[in-house]
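Accompanying notes for the structure given below.
Given the structure is predicted, the values throughout are model-derived calculations rather than measurements. In what follows, every heavy atom counts, from backbone to side chain, and hydrogens, waters and symmetry copies are set aside.
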Amino acid sequence: RKSRISNVESDFLRRFILFSFIQVLSGCAIIVRGQPRGGPPPERQINLSNMRAGAIARRAAQGQPDTKDTPDEPWAFQAREFLRKKLIGKEVCFTVEIRTSLGREYGMVYLGKDTTGENIAESLVNEGLATVRREGIRGNNPDQARLCELEDQAKSSKKGMWSEGGGTHTIRDLKYTIENPRNFVDSLHQKPINAIIEHVRDGSVVRALLLPDYYLVTVMLSGVKCPTFKREADGTETPEPFAAEAKFFTESRLLQRDVQIILESCHNQVILGTILHPNGNITELLLKEGFARCVDWSMAVYTQGAEKLRAAERSAKERKVRIWKDYVAPTANLDQKDRQFVAKVMQVVNADALVVKLNSGEYKTIHLSSIRAPRNEGEEKNKDKDKRFRPLYDIPYMFEAREFLRKKLIGKKVSATVDYIRAATGPGESTPAFAERTCATVTIGGINIAEALVSKGLATVIRYRQDDDQRSSHYDELLAAEARAIKNGKGLHSKKEVPIHRVADISGETQKAKQFLPFLQRAGRSEAVVEYVFSGSRLKLYMPKETCLITFLLAGIECPRSSRNLPGGVQVAEPFSDEAMLFTKELVLQREVEVEVESMDKAGNFIGWLHIEGVNLSVALVENALSKVHFTAERSPYYKALVSVEEACRQRKEKIWANYEEKPVEEVVHVSEEKERVTNYRPVYVTEIADTLHFYAQDVETGAQLESLMEAMRAEIATHPPVEGSYSARRGDYCLAKFADGEWYRARVEKVESQAKVHVFYIDYGNREVVSTSRLAVMPPAFSTRTLPAQATEYTFAFIQVPQDEDARADVVDCVVRDIQNSQCLLNVEYAGATCPHVTIQFGDTKDDVGLGLVKEGLVMVDVRKEKHLQKIVTEYLNSQESAKSARLNIWRYGDFRADDADEFGYRR
């Protein structure tokens with residue numbers, strides 16, 4: 001039964017205007033909504049009066065086998081599309097003329113803010129997309145008469161359904177199911193496909209009509225999940241918090257809109273995709289407005305950049321909107337300085353944690369976020385119960401993972417960003433107790449260390465519950481790296497046999513140590529890695545060539561003892577024992593070193609000398625007043641160096657010498673002796689060799705300062721790049737110059753020929769170059785020679801004379817360049833020269849004299865010095881020269897070419 005609406009209500013409805021949302025159900029039925037106020041507004045269905053359009057196709061009811069799919073009636077879809085394109089998102093007003101007892105409303109809809117706009121029913125009839133219900137029309141109604149007139153015109157013009165052919169070509173071949181969804185998705189190759197969103201189930205799940213083949217598919221947005229409507233046992237639906245708002249958010253932007261969809265994957269028959277609209281990406285918008293959260297399992301297939309989704313979610317969390325209104329960040333209680341910091345790596349622990357030294361001097365253990373180091377699984381834990389379990393060597397790939405981190409990080413400065421603090425846990429039935437852990441993303445040179453470790457298959461990524469926010473800030477990159485490692489069969493994911501490390505531990509094994517001692521003694525300097533520091537002078541070493549672990553005691557020194565548990569009780573630590581152990585740790589722990597084994601003690605511990613980058617650890621401990629010289633050092637080649645630095649510390653009364661009182665010495669009359677040659681070889685790095693055989697070298701001791709200055713200087717230039725051509729070069733000025741490798745170095749202007757030709761000298765390396773002013777810049781005061789003096793010092797060889805013949809001179813220079821350029825050597829100043837000191841220089845490894853080697857090869861002549869304290873070494877040089885002459889080597893191949901009086905030729909005997 002239909003009833004007419006009163007004039008008062010009709011007038012009210014004429015003024016009702018819709019601003020935001022319209023859904024077209026068919027050619028003669030629409031759903032309208034008003035403006036939202038505090039939530040989704042109520043819906044209202046309006047059926048167009050006095051007309052009828054074809055019925056849209058319907059799918060058979062699920063679970064009712066007797067029902068069948070109902071296809072489109074002719075021109076039904078075209079009528080729906082005509083209305084959809086005309087009305088979706090537009091403002092309309094409407095009147096309600098009839099309301100049935102069941103609540104259905106019939107009326108007229110106008111495009112615009114009042115009834116002067118386009119009459120939608122008239123437009124449909126005019127296009128031949130609907131028929132007029134003439135049986136209920138009264139002759140005195142002009143609106144109804146107008147509809148009849150328009151229908152007659154459409155018939156005469158053969159528009160739409162009045163055209164010839166019956167309209168069977170307008171019926172869609174709708175496909176409700178896809179036999180193999182995965183193949184269907186793969187066949188599209190992630191290309192955007194045109195579609196119409198037909199239904200929104202919740203904020204992140206929609207029903208879409210794919211064009212032009214009319215596949216009706218359910219698509220879940222990749223990478224996100226919105227609150228849903230839970231179906232209860234009685235069939236009702238209970239919305240989760242913000243589920244209705246999220247659904248309305250998606251509906252108001254996408255429902256019945258023309259979009260493009262990228263079908264990205266198929267998971268358990270569910271198609272995952274991204275919906276692209278000209279106004280934006282709905283996935284990112286849902287996250288940004290706090291209507292959705294990121295989902296790890298589908299994030300991997302998202303093709304538009306997972307980092308954008310994480311950034312959008314992070315924005316919503318920071319603003320605490322909607323589902324994040326009660327959100328508390330994992331690092332909310334940390335100060336900024338504790339959240340992000342730069343630190344020096346001192347130790348690698350178990351391949352997933354680092355001990356770092358902060359700028360304040362404090363030590364801190366940080367764990368790499370969201371990754372798990374290699375570990376034993378299942379029965380392997382119980383294998384070989386009689387054998388002592390050593391995780392580093394016995395767990396597959398643990399050693400490779402630790403070595404990767406050790407070689408890349410030890411002693412280097414890294415940037416750390418704390419992602420979360422994992423609370424301490426008590427011991428469980430199958431899990432050990434864990435202390436509180438600081439988990440961070442660690443980078444060096446822009447490289448995420450955890451990602452690099454995972455990409456090589458040396459660690460795995462931890463999986464979390466979806467609501468667990470305590471994870472790496474680069475979690476998606478870690479998952480992608482793990483996927484690559486699995487695909488390429490790297491490390492833990494390799495199908496090859498796992499590497500086995502058979503490492504013999506002979507610490508405290510007296511018999512094994514005795515057998516091993518002769519090999520180490522004959523080897524001279526052997527390579528080793530410091531695995532553990534027990535005290536300032538007691539260490540555990542891993543010998544890679546011998547694949548064994550040894551306990552090593554430093555020779556020649558007496559170091560303060562740490563506290564130890566003894567059978568009779570605890571031995572109290574001696575003063576400065578902790579400082580000595582810390583010094584040794586900072587200098588050598590997990591570093592590659594060289595050791596010289598001299599002997600062993602009764603307990604099977606080896607005794608000898610340890611060197612790191614040219615520094616003797618025994619000498620370094622004495623020099624820092626943390627050890628005393630032991631009398632056993634008297635027979636070693638390092639005795640003079642040890643006594644020299646000990647005397648200096650004793651005079652300064654530092655640390656262990658703080659309470660030292662010098663004993664009075666009886667006055668003794670010494671007979672004056674001839675001055676002896678002083679040898680104080682120090683490590684240098686040879687950077688440049690000139691054609692005159694002068695060379696430039698840097699002190700190894702200040703190498704770290706130079707490296708730090710260069711890093712800071714280049715960072716400053718990267719932040720504030722110099723303006724090209726703005727520098728005006730003047731002779732003698734210090735400046736910055738860009739070398740051929742594209743990096744900037746400190747330099748001094750030696751000569752200015754023109755803007756294009758400026759002669760510069762690189763003050764830290766000793767080389768020269770001619771450059772244009774476009775490659776020069778002003779040196780900032782922070783990096784001047786006052787901050788750090790020029791590091792390249794000029795020297796020349798003592799006791800040798802270079803041949804004047806150009807070819808012979810070139811041979812000498814080539815030989816020296818090949819032997820010592822860009823290498824670390826030992827240098828001793830012998831006497832002063834007119835332009836630079838004259839020195840002897842030794843190879844860093846063999847300690848052989850480089851100049852003496854040139855004499856022995858017959859490449860140079862001896863420059864005879866008359867000083868008495870130098871006669872011993874001069875004699876050695878002359879003897880070597882005679883041997884070269886006898887063997888007719890190089891410049892002596894034609895005998896002694898020098899005359900008795902040959903100064904005019906540049907030679908002298």
Side-chain angles (χ1 to χ4, degrees), residues 684-699 702-703 705-707 709-714 716-718 720-797 801-814 816-818 820-822 827 829 832-839 841 906:
V684 296
Y685 190 81
V686 180
T687 57
E688 181 71 13
I689 298 170
D691 292 341
T692 57
L693 215 58
H694 285 224
F695 62 91
Y696 292 86
Q698 302 169 343
D699 275 356
T702 58
Q705 296 177 42
L706 176 61
E707 188 176 332
L709 181 136
M710 297 301 285
E711 287 180 5
M713 185 178 79
R714 287 166 183 166
E716 173 73 16
I717 291 172
H720 303 100
V723 179
E724 188 173 309
S726 63
Y727 178 72
S728 178
R730 290 188 303 175
R731 184 184 174 196
D733 281 359
Y734 287 100
C735 63
L736 299 183
K738 184 185 281 189
F739 191 53
D741 61 1
E743 296 286 1
W744 292 87
Y745 298 89
R746 301 194 300 173
R748 185 179 68 244
V749 178
E750 292 191 322
K751 182 180 177 182
V752 180
E753 289 187 33
S754 66
Q755 293 292 309
K757 287 188 176 182
V758 180
H759 296 249
V760 296
F761 170 72
Y762 292 97
I763 63 174
D764 295 316
Y765 295 89
N767 54 317
R768 290 173 165 83
E769 192 180 19
V770 179
V771 299
S772 68
T773 53
S774 63
R775 287 169 54 190
L776 299 177
V778 176
M779 181 187 291
F783 311 114
S784 69
T785 52
R786 290 186 179 182
T787 304
L788 183 69
Q791 293 298 289
T793 306
E794 183 180 5
Y795 302 101
T796 188
F797 284 89
Q801 187 180 3
V802 184
Q804 300 299 311
D805 179 72
E806 290 186 6
D807 292 339
R809 180 185 290 270
D811 288 343
V812 181
V813 173
D814 289 345
V816 175
V817 168
R818 186 173 61 250
I820 66 171
Q821 186 163 356
N822 296 326
L827 178 144
V829 177
T835 59
C836 63
H838 287 62
V839 301
I841 191 164

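- Between the side chain of Q791 and the backbone N or O of G703 there is no donor-acceptor pair closer than 3.5 Å.
- Taking both residues in full, the closest heavy atoms of I763 and A790 are given as O-CB, 3.5 Å, listed atom of the first, atom of the second, then distance.
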- Item | Worked check of side-chain hydrogen bond (donor to acceptor under 3.5 Å, both in side chains) between E794 and H694 | CA-CA 7 Å; E794 183 180 5; H694 285 224; 2.9 Å; yes
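- In terms of heavy-atom proximity, T787 sits nearest to A782 at OG1-O, 3.0 Å.
- Within 6.0 Å of CD in Q821 there are more than 12 heavy atoms belonging to other residues, nucleotides or ligands.
- If you take CG on L693 and CD on Q801, they are separated by 12.0 Å, rounding to the nearest 0.5 Å.
- For the pair I717 and P722, the minimum side-chain heavy-atom distance is below 4.5 Å.
- Put simply, CD on E743 and CE on M713 are 8.5 Å apart, with the number rounded to the nearest 0.5 Å.
- Put simply, the side chain of T796 does not reach to within 4.5 Å of the side chain of T692, judged on heavy atoms.
- Side-chain atoms of D733 do not come within 3.5 Å of backbone N or O of V749 as any donor-acceptor pair.
- A pairwise comparison of heavy atoms in R731 and V752 identifies N-CG2, 4.2 Å as the closest pair.
- Here the straight-line distance linking atom OG1 of T687 with atom CD1 of I820 works out to 10.0 Å at 0.5 Å rounding.
- In this structure, V686 and V816 have side chains that are not in contact, with every pair of non-hydrogen atoms separated by 4.5 Å or more.
- Side chains of R809 and Q804 form a contact here, defined as non-hydrogen atoms less than 4.5 Å apart.
- To the nearest 0.5 Å, atom CZ of residue F695 and atom CD1 of residue I841 are 4.0 Å apart.
- At a threshold of 4.5 Å between non-hydrogen side-chain atoms, the residues N822 and Y685 count as touching.
- Put simply, CG on L706 and CG on D699 are 11.5 Å apart, with the number rounded to the nearest 0.5 Å.
- Every residue two or more places apart in sequence or in another chain that forms a side-chain hydrogen bond (donor to acceptor under 3.5 Å, both in side chains) with Y745 is listed here: R714, D741.
- When all heavy atoms are compared, the tightest approach of S772 to S774 is OG-OG, 2.7 Å.
- Residues Y696 and Y762 keep their aromatic ring centres 6.0 Å or farther apart.
- Within a 6.0 Å sphere centred on CD of E753, other residues, nucleotides and ligands contribute more than 12 heavy atoms.
- Proximity of R746 to L709: side-chain heavy atoms (C-beta onward) are separated by under 4.5 Å at one or more points.
- Nearest heavy-atom pair, C735 versus A777, reported as atom, atom and distance to 0.1 Å: CB-O, 3.3 Å.
- A donor-acceptor contact shorter than 3.5 Å is absent between the side chain of R748 and the backbone of F761.
- With a 4.5 Å cut-off on side-chain heavy atoms, Q698 and Y765 count as touching.
- More than 12 heavy atoms of other residues, nucleotides or ligands lie within 6.0 Å of CG in D814, so this atom counts as buried by the packing criterion.
- Considering every non-hydrogen atom in both A729 and T773, the closest pair reads CB-CG2, 4.4 Å.
- Between atom CE of residue M779 and atom CH2 of residue W744 there is a gap of 11.5 Å, rounded to the nearest 0.5 Å.
- Here the side chain of T702 pairs no donor or acceptor atom with the backbone of Q705 at under 3.5 angstrom.
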